[in-house]
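Presented below is the structure to which this report refers.
Because the structure is a prediction, the values reported are computed rather than measured. Heads up: numbering here begins at 1 and tracks the sequence. For ligands, and for the atoms within them, numbers begin at 1 and follow the listed sequence.
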Amino acid sequence: MTALPTVRTKADLRARVAAWRAAGERVALVPTMGALHEGHLSLVGIGRANAEHVVASLFVNPTQFSPAEDFDAYPRDEARDAELLAAAGCDLLYAPGAEEMYPPGFATSVAVAHVSEGMEGAARPHHFGGVATVVTKLLTQAAPDVAVFGEKDYQQLQVIRRLTRDLDLPVEIIGGPTMRADDGLALSSRNAYLSAQQRAIAPALNRALKACAQAVAKGAAVDASEAAAIEAILAAGFDSVDYLEVRSAEYLERLGPGPIDAPARVLTAARLGRTRLLDNEPI
Ligand code: AMP
C-alpha cells in the first residue's frame with residue numbers, strides 16, 4: 001500500500017499548497033492522465049530539482065478526447081500510479097473526479113490560436129481546446145511555482161507556454177526531455193496497445209525523425225527530407241503517417257521547402273494498426 005497523500009477537491013489541494021507556500025517552500029506541479037511510466041516519473045524528478053514539494057495530478061480529461069478516441073479504454077490504475085509517484089518522490093496526488101473539474105453549467109474554454117493549428121490540432125480538432133482548458137484550470141487550482149510537461153508532446157508544451165504567457169499565469173513552465181526505450185521508441189501509455197510485431201516496427205518512427213533532423217541540420221531541403229522520412233516510416237510497416245513536418249522551434253511555423261538556418265523541430269504522428277504514436281526531434 002502506498003503512503004502517498006491524496007486529495008480530490010480543489011479546496012483540499014489549495015489548503016495543502018497554501019501551507020507549503022506560507023512556509024516559504026516552492027511547489028512543482030506535474031499534470032498526468034495516469035498509466036504512468038518512466039517518462040512521467042522523470043518529470044517528477046525535474047519537479048523535485050526545482051521545488052521543495054511535488055504535486056502530481058491524475059485526471060483523464062474527457063474534453064481532449066473525440067468521441068471516436070480511446071477515452072473509455074484509456075488505462076486506469078490509480079493505486080499503481082500512486083505507488084510509483086511516491087517512490088519517485090512526489091508529495092501529493094491530486095485526483096479530482098469529472099464533476100469536481102466540470103461542475104454542472106461549466107461553459108468556459110481556453111482557445112490558443114496559431115501554435116495549436118496544424119499537426120495534432122488538424123488531426124484532432126477539439127484536442128488542444130480540451131488540453132488548454134484543463135491545464136489552465138490545473139494551474140489556477142494548484143497555483144504552483146513551476147509546472148513540468150514533457151517534450152514528448154512538443155506541440156502541447158508550446159501551447160501551454162503560450163497560454164501561460166498570454167493569460168499572465170504566475171508559473172514557470174519547464175519542458176522535460178523525452179524518455180525512450182533502448183531502441184529509441186518514446187515511452188507512452190499507448191505503447192501498451194502494441195502487439196509484439198507492432199512493437200518491433202515502432203522504433204522506425206524515431207529512426208526516421210533522427211535521420212530527417214540530421215539531414216536538415218546538414219543543409220538538405222526540408223521538403224525532400226520530410227518525404228524521405230515518411231517513406232521510411234511506411235516502408236518499416238506503419239499503416240499511415242498523419243503528418244511529419246519541420247517547424248520552427250518556438251512558434252511552430254511551417255519551414256522550408258528548401259534548406260533552413262534556424263532552430264527547428266521535426267514532429268510526427270503515425271499509425272500502427274489502431275495505435276497512434278507521436279514523436280519529435282530537435283534540429
Ligand atoms: P499524459 O499522461 O500522457 O498526458 O502525459 C503527462 C505528461 O507526461 C505530459 O507532459 C507528457 O508530455 C509527459 N510525457 C509522456 N510521455 C513522456 C516521455 N516518454 N518522456 C517524457 N515525458 C513524457
With distance as the sole criterion, is a donor-acceptor pair present between the side chains of E120 and Y243 under 3.5 Å?
->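 Yes, Y243 and E120 have a side-chain donor paired with an acceptor closer than 3.5 Å.
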Looking at residues at least two apart in the chain, or sitting in another chain, which of them share a ring-ring contact (aromatic ring centres under 6.0 Å, His included) with H37?
-> H40
Could you work out the complete set of other residues in the hydrophobic cluster of L209, with links drawn between I, L, V, M, F, W and Y side chains under 4.5 Å apart?
-> L185, L194, I201, L205, V216, V222, I230, I233, L234, F238, V241, L244, V246, L255, I260, V266, L272, L277, I283
Pairs under 3.5 Å, nitrogen or oxygen of ligand 1 with protein nitrogen or oxygen:
{"unit_1": "ligand 1", "atom_1": "2 (O)", "unit_2": "M33", "atom_2": "N", "d": "2.9"}
{"unit_1": "ligand 1", "atom_1": "2 (O)", "unit_2": "H40", "atom_2": "NE2", "d": "3.0"}
{"unit_1": "ligand 1", "atom_1": "5 (O)", "unit_2": "H40", "atom_2": "NE2", "d": "3.4"}
{"unit_1": "ligand 1", "atom_1": "10 (O)", "unit_2": "G150", "atom_2": "N", "d": "2.8"}
{"unit_1": "ligand 1", "atom_1": "12 (O)", "unit_2": "G150", "atom_2": "N", "d": "3.2"}
{"unit_1": "ligand 1", "atom_1": "12 (O)", "unit_2": "G150", "atom_2": "O", "d": "3.3"}
{"unit_1": "ligand 1", "atom_1": "12 (O)", "unit_2": "D153", "atom_2": "OD2", "d": "2.7"}
{"unit_1": "ligand 1", "atom_1": "16 (N)", "unit_2": "L187", "atom_2": "O", "d": "3.4"}
{"unit_1": "ligand 1", "atom_1": "19 (N)", "unit_2": "M179", "atom_2": "O", "d": "3.0"}
{"unit_1": "ligand 1", "atom_1": "19 (N)", "unit_2": "L187", "atom_2": "O", "d": "2.8"}
{"unit_1": "ligand 1", "atom_1": "20 (N)", "unit_2": "M179", "atom_2": "N", "d": "2.9"}

Any donor-acceptor N/O pair, R76 side chain to V60 backbone, under 3.5 Å |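 Side chain of R76 to backbone of V60: no pair is present.
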Validation: residues 96-115 side-chain donor-acceptor distances under 3.5 Å, sequence neighbours left out:
{"unit_1": "E100", "atom_1": "OE2", "unit_2": "K10", "atom_2": "N", "d": "2.8"}
{"unit_1": "Y102", "atom_1": "OH", "unit_2": "N61", "atom_2": "OD1", "d": "2.6"}
{"unit_1": "Y102", "atom_1": "OH", "unit_2": "T63", "atom_2": "OG1", "d": "3.3"}

Salt bridge (Lys or Arg N to Asp or Glu O under 4.0 Å) partner of E281, chosen from R265, R180, K152 |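 Looking at R265, R180, K152, the match for E281 under the salt bridge (Lys or Arg N to Asp or Glu O under 4.0 Å) is R180.
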